[in-house]
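To start, the structure under review is shown below, and the notes come after it.
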Amino acid sequence: MAPEPTYYENVYDVVRLIPPGRVTNYGAIADFLALGSARMVGWALNQAIHTGDVPAHRVVNRKGELSGRTHFATPTRMQELLEAEGMVVKDDTVVDFDRYFWSPTALLE
DNA sequence: TCACTGACAAGGG
DNA sequence: ACCCTTGCCAGTG
């Protein structure tokens, strides 16, 4: 493994801090890291699945849609994981996303 | 080294 | 309110 932490390892660290039953979006993580952009986060999470040690299902896009579900083992896996944490997913979108939204900036408070 | 890609976000029409 | 365009920047080939 590379001794030097890469950009996406920082993303992993933030994603692991997302409380169960909560979700966040790509922009919030990018803004918290103040590095790269929302696209980098999504791309980093794609690698995170490969490690299998990051709750990537708690990260959705700004619309609350499960945009990354196709990258999971099965397209429905992401929805199942979110529902298992008490959230409701309708039409590949988190219902009341606004209510379940959590921002990493909360760590600063 | 250059060009293209990508689990997005925000603004404008 | 919806659709399209632009900006974003690390990685990979």
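Lettering follows sequence order; numbering is per chain, from 1.
- Ranking C:dC9, C:dA10, B:dA7 by closeness to the A:Ser67 side chain, first place goes to B:dA7.
- Nucleic acid contact class of A:Asn46 (heavy atoms, under 4.0 Å, all strands): base.
- Counting only heavy atoms from C-beta on, A:Arg39 has its side chain closest to B:dG6 among B:dG6, C:dG11, B:dA7.
- Taking atom CG on A:Asp31 and atom C1' on B:dA10, their separation rounds to 13 Å, with Å as the unit.
- Distance A:Lys63 NZ to B:dA7 P: 14 Å, rounded to the nearest Å.
- Per the geometry, OH belonging to A:Tyr7 stands 16 Å off C1' belonging to B:dT5, to the nearest Å.
- Residue A:Tyr26 has its side chain nearest to B:dA7 when only B:dA10, C:dG11, B:dA7 are considered.
- Across C:dA10, B:dA10, C:dC8, the shortest atom-to-atom separation from the side chain of A:Met40 is found for C:dA10.
- When atom types are taken as modelled, the side chain of A:Thr76 and the backbone of A:Thr74 share no donor-acceptor pair closer than 3.5 angstrom.
- Computed from coordinates, the A:Tyr8 OH to B:dA7 P distance equals 15 Å when rounded to whole Å.
- Closest to the side chain of A:Ala38, from the set B:dA7, B:dC8, C:dG11, is B:dC8.
- Within 4.0 Å (heavy atoms only), A:Leu35 reaches no atom of the nucleic acid at all.
- The shortest side-chain heavy-atom distance between A:Arg16 and A:Asp53 falls under the 4.5 Å cut-off.
- Whole-Å rounding puts the A:Leu82 CG to B:dA7 P distance at 18 Å.
- Put simply, the residue from A:Asp92, A:Asn61, A:Val59 that forms a side chain to side chain contact (heavy atoms under 4.5 Å, CB included) with A:Ser67 is A:Asn61.
- Atom-to-atom, CG of A:Leu66 to C1' of B:dA7 comes out at 10 Å; the value is rounded to the nearest Å.
- Set against B:dA7, C:dG11, B:dC8, the side chain of A:Asn61 has B:dC8 as its closest nucleotide.
- Within 4.0 Å (heavy atoms only), A:Ala30 reaches no atom of the nucleic acid at all.
- Between the C1' atom of B:dC8 and the CZ atom of A:Phe32 lies a distance of 19 Å, rounded to the nearest Å.
- Put simply, NE2 on A:His50 is 16 Å from P on C:dG11, counting in whole angstrom units.
- Here the side chain of A:Arg62 is nearest to one of B:dA7, C:dG7, B:dA10, namely B:dA10.
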**OP:** Step by step, work out the side chain to side chain contact (heavy atoms under 4.5 Å, CB included) result for A:Leu33 and A:Val11.
**Re:** CA-CA 8 Å; A:Leu33 294 174; A:Val11 175; 3.7 Å; yes
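- When all heavy atoms of A:Phe97 and A:Arg62 are compared, the pair lying nearest together is CE2-O, 3.6 Å.
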